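Here's the structure we're looking at; comments come further down.
Just so we're clear, the structure is a prediction, and the values are computed from it rather than from any experiment.
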Amino acid sequence: MTDGSDMTPRPTFPFSAVVGQEDVKLALLLNAIDRKIGGVVLRGEKGSAKSTLARGLSALLPGKAPFVDLPVSATEDRVVGSLDLESALTTGEKRFHPGLLADADNGVLYIDEINLLPDHLVDVLLDVAASGVNRIERESMSESHPSRFVLIGSMNPEEGELRPQLLDRFGLAVDVLSSPDPVQRVEAVQRRMAFDDDPDGFAAAWAVHDRALAEQLAATSSAQVPDDLLLAISQLCVAMGCEGLRADLVISRSAAALAGWEGREVATVEDVRRVAPLALAHRRRRSPFDDPGIAQDEIDQALEASPRPEQPDVNPGEDSDDGGGGGKPPAAADTPTRVVPLSGTRTELKNVVSGRRTTVESARGRMIGDRSPPGRVTDVALGATVRSAALRVATAPEPSHVNGGLPEPLVRREDLRQAVREEKAGNLLILVVDASASMGVERRMGAVKGAVLSLLMDAYQRRDRVAVITFGGEDAEVVLRPTGSMEIARARLADVATGGRTPLAAGLQCALDLAKDAPASHQPFLILISDGRATWAPAGHDPLEAALRTAAAVRQRALPALVLDVEDGHARLGLAAQVAEAMGARYLPLTELSAGAMTSAIREGLLL
């Protein structure tokens, strides 16, 4: 049997062998030249060579640079480091056990699906990437160690966005797309197949190319950025409406790194023109309704514009073209607009400060303390457990023995401590929509789609989720699974089937089932959009009575709910109000059927 430690590691797919993706390669190389640029986030579909390029970059760095692939499930202890349990249990000494941030020093730290990583861990990673030092203050320990790495995050935007506050802290961002050129695609497939068939031979054939890149990288230092170029960069950032100075710094450092990479001592406007799209695309996008990226023409025009003279006599009330956001035309009536942050309502939900979320205990989150477990320990708080055992042993009058004279275990059952973790809580808004043939269904569904996109604009700022259930004919269907992604919502809601009778009970039951599966980190909230006129139920059941029984189950589950009554016409039956009463829900009649009116009603219904 061969010892696994003697096995030769599989070669890395060569960086230079990746077909196309020139913007990604440039962004990675610039960060390798100057790590103060702040890392790069790669937004794109699966199978577009994101992880391959990230791993290939580590092979170009000096020495045997580590490549650390940080899993989304990693705990804070695993990332930043923790108490060395073995040392504490065997010698009683408190020693620091390094984590992944120590492993990544002088290498590459790669996080796939970074948009799914808990926010507090993203904050830690960005802070360490910016400072180059990992500082730990926990479990009576105070430690620090160097942690200088190229930070690379990748994400599929269909799985949810990275919060803008965190996205802005990445220096560069690139939208990674597979090439539409069949010739390039064929070449990429051929190279991948050749590597899979003979990894060593393929790597050897490309070694000369990677070696040349590595030598150039080792010899490169950033160029100088003259004052007049700094002024042009600042004018560009102002024209693009950038907030703060982070964009100015990133463009300056990136242009200097690019000039150095190409062997020049002074950066030029052309360098700025080439790196600006990578530095501005994710900062220019104010909301998910904006298209990602930035047009090269806009950058060129801003750079070519002459400096504007000071005009102290300008009327401050007049519109300005300085990119500050003034003079924007008002949104059209049915254009989705930002919703006041959804924080819950009624006595069942906690009041939340606008823009913030409550916190809930969870198995996955930041550790905030420990406690004696009432039953079986599911998540051991190592430091607290060791401290408890050490205190007991230190205060014991003399060692006790069990099992025929053998020393008793250092840690007893009563020493165990359960870790208490918490994470920010979001909302799961479940829209249950009448898609039957009544009441002008097309106009209603158009308003619902606009409302969903407006709700997702708020979800874009945090980690809220929106789901849509439609009921029509003889059944209900989840047409939009819980998501925070604009791309998914637009795709799933593009063509929703409508017509048929009104199985209201089926729609409510579908919402109950969906709410039952909601994670602890998301508070489900049911929003029924209907006139309450149930017209179908299984044989032997009255449609309205079946709907009221299911509505009563919503009340029994203590599921917060809101009913938007879209009944129109002169002969009003008031059935939606009856359903709302049975549900224990707040009732709001919707006098205008539009996206704006619907989002306003939901906002009113969700806020205290």
Side-chain angles (χ1 to χ4, degrees), residues 9 12-13 15 24-43 50-82 96-115 117-136 143-155 162 166-174 210 213-214 216-218 220-222 246 249-250 253-254 256-257 260-261 278-279:
T12 298
F13 191 93
F15 185 90
V24 182
K25 293 177 182 178
L26 177 60
L28 295 176
L29 290 170
L30 295 180
N31 273 274
I33 295 168
D34 184 355
R35 298 179 188 183
K36 292 182 180 179
I37 289 174
V40 57
V41 61
L42 309 177
R43 300 175 74 259
K50 299 188 296 293
S51 60
T52 299
L53 282 167
R55 191 178 297 273
L57 179 68
S58 65
L60 303 181
L61 300 179
K64 295 184 178 180
F67 177 85
V68 175
D69 191 345
L70 191 151
V72 174
S73 59
T75 63
E76 187 173 5
D77 289 347
R78 182 73 184 96
V79 174
V80 303
S82 61
F96 176 66
H97 182 70
L100 295 176
L101 289 177
D103 297 340
D105 189 31
N106 289 319
V108 171
L109 180 62
Y110 175 67
I111 311 104
D112 192 15
E113 297 180 324
I114 191 169
N115 51 321
L117 196 68
D119 288 348
H120 72 278
L121 284 184
V122 179
D123 282 328
V124 168
L125 295 173
L126 291 170
D127 287 341
V128 175
S131 66
V133 178
N134 180 31
R135 295 181 176 86
I136 306 97
E143 298 284 341
S144 65
H145 63 79
S147 185
R148 297 152 296 189
F149 50 80
V150 178
L151 178 62
I152 306 172
S154 65
M155 56 180 283
L162 190 65
L166 299 178
L167 186 60
D168 178 68
R169 293 180 62 187
F170 277 91
L172 306 177
V174 186
D210 266 16
L213 286 176
Q216 183 179 354
L217 195 59
T220 296
S221 58
S222 293
R246 186 170 284 122
L249 288 167
V250 169
R253 291 187 179 278
S254 300
W261 175 251
L278 308 178

Residue pair Ile152 / Leu57: nearest heavy atoms and the distance that separates them
CD1-CD2, 4.1 Å
Is there side-chain contact between Val24 and Lys50, with at least one heavy-atom pair below 4.5 Å?
no
Side-chain donor/acceptor of Ser147 to backbone N/O of Leu101, under 3.5 Å
yes
List the steps, then state whether side chain to side chain contact (heavy atoms under 4.5 Å, CB included) holds for Asn134 with Glu143.
CA-CA 8 Å; Asn134 180 31; Glu143 298 284 341; over 6 Å; no
Check: Arg148 main-chain N/O paired with Arg35 side-chain donor or acceptor under 3.5 Å:
yes
Hey, are the side chains of Leu172 and Ser254 touching, using non-hydrogen atoms and a 4.5 Å cut-off?
yes
Is any side-chain heavy atom of Asn106 closer than 4.5 Å to one of Leu61?
no
Rounded to the nearest 0.5 Å, the CG atom of Leu29 sits from the CG atom of Leu213 at a distance of 6.5 Å
Where is the tightest heavy-atom contact between Phe170 and Ile114, given as atom of each residue plus distance?
CZ-CD1, 3.4 Å
Side-chain contact, heavy-atom cut-off 4.5 Å: Asp69 with Arg55?
yes
Does the side chain of Thr52 come within less than 4.5 Å of Thr12's, by heavy atoms?
no
Option from Leu121, Ile111, Leu151, Asp112 for which side-chain contact (heavy atoms from CB on, under 4.5 Å) with Leu70 holds
Ile111
Close side-chain approach of Leu125 to Leu117, heavy-atom, < 4.5 Å:
yes
Closest heavy-atom pair, Val128 versus Phe149, reported as atoms and distance to 0.1 Å, is CG1-CE2, 3.8 Å
Rounded to the nearest 0.5 Å, how far does CG of Leu278 lie from CG of Leu30?
7.5 Å
For the pair Asn31 (side chain) and Ile37 (backbone), establish whether a donor and an acceptor sit closer than 3.5 Å, ignoring hydrogens and angles.
no
First locate atom CZ of Phe15, then atom NZ of Lys25, and finally report the distance between them rounded to the nearest 0.5 Å.
6.5 Å
How many angstroms lie between atom OG1 of Thr220 and atom CG of Asp34, to the nearest 0.5 angstrom?
12.0 Å
Rounded to the nearest 0.5 Å, the NZ atom of Lys36 sits from the OG atom of Ser131 at a distance of 11.0 Å
Would you indicate whether the side-chain heavy atoms of Leu217 and Trp261 approach each other to under 4.5 Å?
yes
On a heavy-atom basis, the closest approach of Ser58 and Ala65 is O-CB, 3.5 Å
Taking every heavy atom of Ser222 against every heavy atom of Ile33, the minimum-distance pair comes out as OG-CG2, 4.0 Å
Closest heavy-atom pair and its distance - Gly171, Val250
O-CG1, 3.2 Å
